Amino acid sequence: MPLTPEPDAPATSERTTTVVVGAVEDFGEGEMKMVKVGERRVAVIRTASGIHAIDNACPHQGYGLVTGALDGELVTCQWHNWKFRVDTGECVMGEEDVPCHAVKIEDGEVHVTVEEPTPAEERERLWPSLRRGIEDNYVGQVARDSIRLLANDAMPEAIAWVGFEHALPREEWGVGHAMATAVDCLAWTVERDGDDRALPLVQALAALAEPTRGRPARQRREPRAGDLLEAIEGEDHDAAMGIARRLAAEADPEEVRRRFIEAASMHHLSYGHGIIYTQKAFELLDLVGWDKADLVLHELALATTWGTREDTLPYMRKAVAEVAALDLGALATTPVDPEWNDPQLVDVLLDLDDAPIVAAVAALEAGAGVEHLLDAVTIAVSRRLLRYDLDIEFDLDESFGWLDITHGLTTARAARWAWRAHPSPATIRQALWAVWLCHDTSRGEQRHGVRPEPEIVGTPGDITGLIRRGDVDGALAAIRAAGLDACSSMIEAALADSAGSFIVTAHLIKLTKAAIEEAETTGSDLPLLAAGRYLASPRLERFVSRNVIESLDFVKTGRPPTR
């Protein structure tokens, strides 16, 4: 689908207003006066070069320019030192130009003409400004331009794509947290109308701009034929990116998705992020259109090629051997028993000393199916989040934090997406990686013991306000009372700048999105409660102190940190 509407009809005289604002002698050199031209407040300014007219409202926050300082051909807004050329409106210090209007002198009178742009003209003016704002991570400029673009009929997908186009080739290892977070925000944007679209849209653009500011763009590799999975497994990123471009141009989109899902599922990739990034990349293409696949898949291929293959690390050896011994093809075709029910599976996933691969396989063989297995994973991880001991969070000698637990839920959601898109031996393996990660989220409990799960009694309340105030018990009670009706309030809380660093903001948003979807899928409110507790609770947010402690120990002793 096209991301921009058709051009508007030609301009009409109804858009043009001309007003005589006074005689030439009324404007002394070096003077500035505010006048009304139609609905516009205009600053009329006389300098050595003549009489000029620009909007009186500084485009930053609207303060009047005539109350500022004039120095030659530059006017300075007194509030934040933005500076503009009076003859062109060009901003020479600050972020945005100020609109400039035509001035004509006839019979000693000063005529100022304001021509209101059509929506198409205004969009044309705003696109470059938005790009500059994203490049410089000027959030105010990005917010103002986004709101103006929405008001002038730009589609939110088109506005967001400006950010994706800038950021994707600048993320260090291909698609990553920035892309995934922005996709979730864009999905929330397109579900809304009017001004309600602004916050999630600008959060998407901020997520893309902040971690990529100042980074050079990666050059796209030339399209080439080849086997995508072979290139990725061989860690040949140049080949993988070239093959991805060829697939984007020539292959059926469903076939391309299948290949990338298989590539991500070969390993427990990037601590679960491999399948998450694959999910979000294809959700992005669903939102913006397959014509954007060339860039998206090029960067997804890089991320998949270079992602950490956690299943090759020592602590996964036993689970990997158990998975390798399985007939995944047989498991993928095992009939699902509609009557299957094992309420103990969640406890098994939570409490075994080793990763419960054998228990998960037994459930699949008994007819649970991947969907019910992932239901159990989701509920288990949600309970882990609810019983997480915050003393662990603020123990700077402890490398584990509950941000690590959130990966268990977002990965389960991504594994479910992969299974639904491509039920196969590959996505059986992916579901089993989710089971392993569910167990791995127990590291804090294994070292420090298990905190009792809270007893939650539903009590109605302002969910967003309770989360913002850090009232954990009140927020959980209100979420339980509201059930799925809590979702919109939780989205507002996730978007509300409650984290001090980008990476924590990213996890707040991604966890909330996955928790809502998993609550709808499982019929349980536990994912919502888990996300609500994470949103409302204090968190370690910068990790500098923890890294200093670990680094001091390593530099002095040569020992790695406890995983």
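Just so we're clear, the structure is a prediction, and the values are computed from it rather than from any experiment.
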Peer 1: Please verify the inter-ring angle class for W306 with W173; under 30° counts as parallel, over 60° as perpendicular, anything in between as tilted.
Peer 2: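 Perpendicular: the ring planes of W306 and W173 meet at over 60°.
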Peer 1: Does S399 use its side chain to pair, donor to acceptor, with the backbone of T562 at less than 3.5 Å?
Peer 2: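 Yes, because the side chain of S399 sits within donor-acceptor range (under 3.5 Å) of the backbone of T562.
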Peer 1: Once ring-ring contact (aromatic ring centres under 6.0 Å, His included) is applied, what residue pairs with a partner in residues 344-387 remain, sequence neighbours excluded?
Peer 2: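 Only W340-H372 qualify under ring-ring contact (aromatic ring centres under 6.0 Å, His included).
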Peer 1: Whether E371 and R420 form a salt bridge (side-chain N of Lys/Arg under 4.0 Å from carboxylate O of Asp/Glu) is what I want to check.
Peer 2: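 Judged by the 4.0 Å cut-off on N to carboxylate O distance, R420 and E371 do form a salt bridge.
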Peer 1: Among residues at least two apart in sequence or on other chains, which ones pass side-chain contact (heavy atoms from CB on, under 4.5 Å) with R469?
Peer 2: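 For R469 the side-chain contact (heavy atoms from CB on, under 4.5 Å) partners, ignoring immediate neighbours, are L466.
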Peer 1: Looking at residues at least two apart in the chain, or sitting in another chain, which of them share a ring pair (Phe, Tyr, Trp, His ring centres under 6.0 Å) with W402?
Peer 2: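 Applying ring pair (Phe, Tyr, Trp, His ring centres under 6.0 Å) to W402 gives Y388, Y534.
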Peer 1: Identify each donor-acceptor pair in which a side-chain atom of residues 343-369 lies under 3.5 Å from a protein atom, sequence neighbours left out, and give them as a table.
Peer 2:
| from | atom 1 | to | atom 2 | distance (Å) |
| --- | --- | --- | --- | --- |
| D347 | OD1 | R383 | NH1 | 3.0 |
| D347 | OD1 | R383 | NH2 | 3.4 |
| D354 | OD2 | K318 | NZ | 3.0 |

Peer 1: For the residue pair D294 and R220, establish whether any side-chain heavy-atom pair is separated by less than 4.5 Å.
Peer 2: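 Yes; the side chains approach each other to less than 4.5 Å.
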Peer 1: Would you indicate whether the side-chain heavy atoms of I467 and I463 approach each other to under 4.5 Å?
Peer 2: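 Counting from C-beta outward, I463 and I467 do come under 4.5 Å.
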Peer 1: Side chain to side chain contact (heavy atoms under 4.5 Å, CB included), that's the test. Do S442 and R384 meet it? Break it down for me.
Peer 2: CA-CA 8 Å; S442 69; R384 188 101 68 201; 3.4 Å; yes
Peer 1: Quick check: do S382 and L529 have side-chain heavy atoms less than 4.5 Å from each other?
Peer 2: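 No. Closest side-chain heavy atoms not under 4.5 Å.
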Peer 1: Which ring-ring contact (aromatic ring centres under 6.0 Å, His included) pairs, counting each pair once, include a residue from residues 499-531, with sequence neighbours left out?
Peer 2: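 Passing the test, one end in residues 499-531: H177-H507, H407-H507.
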Peer 1: Sort and list the pairs that fulfil ring-ring contact (aromatic ring centres under 6.0 Å, His included) and have at least one residue in residues 409-428, not counting sequence neighbours.
Peer 2: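 Sorted pair list comes back empty.
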Peer 1: Salt-bridged, R563 to D440, with N to O below 4.0 Å?
Peer 2: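 Answer for the salt bridge query: yes.
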Peer 1: Among residues two or more places apart or on two chains, list those pairs meeting salt bridge (charged side-chain N to carboxylate O under 4.0 Å, His left out) that have a residue in residues 254-281.
Peer 2: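 Those involving residues 254-281 are D184-K280, E254-R257, E255-R258, E255-R259, R258-E262, K280-E283.
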Peer 1: Can you measure from CZ (F260) to CD1 (I232) and round to the nearest 0.5 angstrom?
Peer 2: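 One gets 5.5 Å once the value is rounded to the nearest 0.5 Å.
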Peer 1: Which residue pairs pass the salt bridge (charged side-chain N to carboxylate O under 4.0 Å, His left out) test when at least one of the two sits in residues 196-211, sequence neighbours left out?
Peer 2: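 Applying salt bridge (charged side-chain N to carboxylate O under 4.0 Å, His left out) to every pair that reaches into residues 196-211, excluding sequence neighbours, yields nothing.
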Peer 1: Hey, could you give me each pair passing salt bridge (charged side-chain N to carboxylate O under 4.0 Å, His left out) that has a residue in residues 496-513? Not counting sequence neighbours.
Peer 2: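 Every salt bridge (charged side-chain N to carboxylate O under 4.0 Å, His left out) pair that includes a residue of residues 496-513, provided the two are not neighbours, is K513-E517.
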Peer 1: Taking C-beta and beyond as the side chain, do S498 and L508 meet within less than 4.5 Å on heavy atoms?
Peer 2: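 SC-SC contact between S498 and L508 confirmed.
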Peer 1: For salt bridge (charged side-chain N to carboxylate O under 4.0 Å, His left out), just list the numbers for E165 and K292, CA-CA rounded to whole Å, side-chain angles, deciding distance to a tenth of an Å, and then say yes or no.
Peer 2: CA-CA 9 Å; E165 192 170 37; K292 303 295 188 289; over 6 Å; no
Peer 1: Is there a side chain to side chain contact (heavy atoms under 4.5 Å, CB included) between I261 and F282? Walk through the geometry before answering.
Peer 2: CA-CA 10 Å; I261 288 173; F282 281 91; 5.9 Å; no
Peer 1: Could you tell me which residues satisfy side-chain hydrogen bond (donor to acceptor under 3.5 Å, both in side chains) with T378, sequence neighbours excluded, listed by chain and number?
Peer 2: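 By the side-chain hydrogen bond (donor to acceptor under 3.5 Å, both in side chains) rule, T378 matches E518.
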Peer 1: Please list all pairs meeting salt bridge (charged side-chain N to carboxylate O under 4.0 Å, His left out) that have one or both residues in residues 532-548, counting only residues at least two apart or in different chains.
Peer 2: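 Listed once each, the pairs are R539-E541.
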Peer 1: Side chains of D391 and H448: does their closest heavy-atom pair fall under 4.5 Å?
Peer 2: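 Contact flag for D391/H448 side chains = no.
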Peer 1: Listed by chain and number, what are the salt bridge (Lys or Arg N to Asp or Glu O under 4.0 Å) partners of D311, not counting sequence neighbours?
Peer 2: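 D311: no salt bridge (Lys or Arg N to Asp or Glu O under 4.0 Å) contacts found.
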Peer 1: Return the OG1 to CG distance between T181 and L186, rounded to the nearest 0.5 Å.
Peer 2: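 It is 12.5 Å, given to the nearest 0.5 Å.
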